[in-house]
Amino acid sequence: MAVETGILLESGTNELELLEFVVGDQHYGINVAKINELCPYQQPIMVPNSHEYIEGIFMPRDRIITVIDLAKALGIHVSQDASNDMYIITNFNRLHTAFHVQKVLGIHRVSWKDIVKPDSTISGSGKGVATGITKINGKIIIVLDFEKIVTEVNPETGLKLSEIEAMGERSRHECPILLAEDSPLLLEMLKKCLSQAGYTNLIATSNGLEAWNTLERMMRDGAVIGKDVALVITDIEMPQMDGHHLAKRIKEDPKYDGLPVVIFSSLVNDEMKRKGEALGVDAQLSKPEIGRLVHQLDLLLS
């Protein structure tokens with residue numbers, strides 16, 4: 001069944017629709033913007049020699065979709081009774097994937113301000129798959145990093161330094177670029193790829209609020225647009241403040257006139273592109289297209 005949304009009509013409200021679901025006895029969440037549809041569990045066809053998280057494949061409407069056993073990916077033991085089990089079929093990074101979960105409970109409207117980034121004891125090792133934690137109706141909900149899980153299964157879905165190396169020798173660019181990316185793993189990979197492409201003057205922040213506060217502090221200290229900060233690259237999904245709200249604030253504030261904002265996110269689909277266009281962002285690119293991102297930076301900063 002398709003996921004009925006439409007709660008959030010405006011762009012840049014700093015809100016999301018969060019689907020609550022259960023794996024084992026724990027409650028988790030996923031941004032509805034990543035979901036293509038929900039459907040009842042059906043026994044998948046096993047694929048020999050596949051990754052341990054892959055339960056198999058199934059074919060709704062003549063499309064082959066890989067099934068990831070989310071309980072196994074999270075290291076959770078579940079009962080054999082699959083009578084209430086569901087597939088959450090996602091669409092991000094231009095890839096359809098089915099995640100096998102035990103129960104789907106419903107959709108909540110949540111502010112990113114109410115989603116807390118996990119501290120370093122949970123996510124510092126680089127192995128954590130929680131991007132945020134919130135409480136809804138007295139229950140703790142862990143927002144999962146589905147992109148990281150998919151990248152573990154298939155590293156080819158992640159950012160590839162080889163795309164930059166294929167560009168050959170490039171000149172060094174001193175333009176200061178502000179980055180807003182909440183995944184420590186992706187932030188480091190993004191910095192490595194951009195540095196390899198010659199963009200070495202990078203200001204890294206871990207979410208939209210930190211990026212906004214950094215910009216505001218720089219401007220209070222006399223920063224000049226184009227000289228001290230030349231461009232902003234932001235993810236969309238981030239705790240505290242998402243990329244759309246960050247873009248909205250920048251584009252509505254006259255002191256940031258002339259500062260390009262580029263969205264680089266796994267959530268860049270037709271609907272998200274319309275939201276970004278309404279906010280006035282200068283470019284929108286889907287992860288993991290790091291080569292296209294560099295090309296866009298060349299155009300905007302030439």
Side-chain angles (χ1 to χ4, degrees), residues 1-8 15-46 50-58 60 65-93 95-112 114-119 121-123 127-153 182-183 237-239 266-267:
M1 61 180 176
V3 180
E4 292 296 330
T5 63
I7 297 173
L8 306 177
E15 294 172 303
L16 75 155
E17 293 167 299
L18 195 70
L19 179 77
E20 181 185 1
F21 62 92
V22 175
V23 178
D25 295 322
Q26 176 61 53
H27 293 245
Y28 295 96
I30 178 174
N31 190 342
V32 168
K34 291 182 176 175
I35 301 174
N36 192 60
E37 63 177 311
L38 306 173
C39 66
Y41 175 78
Q42 54 184 273
Q43 187 70 37
I45 300 167
M46 292 184 63
S50 57
H51 191 278
E52 60 176 320
Y53 296 169
I54 294 179
E55 196 171 343
I57 58 173
F58 82 125
I65 296 180
T66 301
V67 177
I68 291 180
D69 185 342
L70 200 48
K72 188 166 285 187
L74 299 174
I76 296 173
H77 176 74
V78 297
S79 69
Q80 296 300 309
D81 179 18
S83 56
N84 293 317
D85 290 13
M86 297 284 291
Y87 284 142
I88 299 175
I89 302 177
T90 61
N91 180 15
F92 57 83
N93 284 359
L95 187 70
H96 285 85
T97 309
F99 290 89
H100 177 188
V101 305
Q102 275 59 66
K103 194 183 296 183
V104 171
L105 297 179
I107 295 173
H108 308 278
R109 180 173 179 167
V110 182
S111 170
W112 281 108
D114 297 326
I115 297 180
V116 180
K117 185 175 177 63
D119 63 27
T121 57
I122 297 172
S123 59
K127 296 181 179 179
V129 291
T131 61
I133 299 171
T134 190
K135 185 179 277 190
I136 299 174
N137 300 328
K139 295 191 298 289
I140 290 177
I141 310 290
I142 298 173
V143 183
L144 293 177
D145 188 345
F146 284 84
E147 288 94 331
K148 189 173 189 299
I149 295 170
V150 170
T151 302
E152 284 183 31
V153 173
D182 67 313
S183 166
E237 272 197 309
M238 293 178 290
S266 62
L267 287 180

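Remember, it's a predicted structure, so these values are computed and weren't measured experimentally. Nothing fancy with the numbering, it's 1 onward along the sequence. Atoms considered below: every heavy atom in the structure, side chains included; atoms not considered: hydrogens, waters and symmetry mates.
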Under the 3.5 angstrom rule, does the side chain of K139 hit a backbone N or O of H27 as a donor-acceptor pair? no

Are any non-hydrogen side-chain atoms of K34 and L267 less than 4.5 angstrom apart?
-> yes

* Asked: Is L144 close to L70 at the side-chain level, that is, under 4.5 Å between some pair of heavy atoms?
  -> yes

Sidechain-backbone polar pair: Y87 side chain, E37 backbone, donor-acceptor under 3.5 Å: no

Compare all side-chain heavy atoms of F58 with those of I89 and state whether any distance is below 4.5 angstrom.
yes

Smallest heavy-atom separation, P118 atom then A130 atom, equals CG-O, 3.3 Å

Side-chain donor/acceptor of T131 to backbone N/O of V143, under 3.5 Å:
yes

Backbone N/O of G24 and side chain of Q102: donor-acceptor pair under 3.5 Å
yes

Here the gap from S183 atom OG to M238 atom CE, rounded to the nearest 0.5 Å, amounts to 12.0 Å

Salt bridge (Lys or Arg N to Asp or Glu O under 4.0 Å) filter on K72, not counting sequence neighbours, yields none

Review point. Take atom CD1 in I76; do more than 12 heavy atoms of anything else shown fall under 6.0 Å from it?
Key: yes

Report yes if the side chains of V150 and N93 come closer than 4.5 Å at any heavy-atom pair, otherwise no. no

Review point. Side chains of Y28 and V101: does their closest heavy-atom pair fall under 4.5 Å?
Key: no

Nearest heavy-atom contact between A71 and V23 is CA-CG1, 3.6 Å

Among side-chain atoms of S79 and D81, is any donor-acceptor pair under 3.5 angstrom?
no

One should read off an interatomic distance between D69 CG and L74 CG, to the nearest 0.5 angstrom, of 9.0 Å

Taken to the nearest 0.5 Å, the spacing of I107 CD1 from N31 CG works out to 10.5 Å

Answer yes or no: is there a side-chain heavy-atom contact under 4.5 Å between T97 and I149?
no

Would you mind reporting whether F92 and E237 have side-chain heavy atoms less than 4.5 Å apart?
-> no

The reported gap from OH in Y53 to CD in E152 (rounded to nearest 0.5 angstrom) is 4.5 Å

To the nearest 0.5 Å, atom CG of L19 lies from atom CD1 of I35 at 4.0 Å

| message | I'd like to know whether the aromatic ring centres of F99 and F146 sit less than 6.0 Å apart in this structure. | response | yes

Going by heavy atoms in the side chains, are N137 and H108 under 4.5 Å from each other?
yes

What verdict does the side-chain contact (heavy atoms from CB on, under 4.5 Å) test give for I136 and V110, after you've listed the backbone C-alpha separation in whole Å, the side-chain angles of each residue and the deciding distance to 0.1 Å? CA-CA 9 Å; I136 299 174; V110 182; 3.9 Å; yes

Separation between CD1 (I141) and CG (D114), nearest 0.5 Å, reads 13.0 Å

All heavy atoms of P239 vs all of K117, minimum pair found to be CG-CB, 3.8 Å

Requested in this report: Just do the side-chain contact (heavy atoms from CB on, under 4.5 Å) check on I115 and L16 with the steps written out, would you?
Outcome: CA-CA 10 Å; I115 297 180; L16 75 155; 3.7 Å; yes

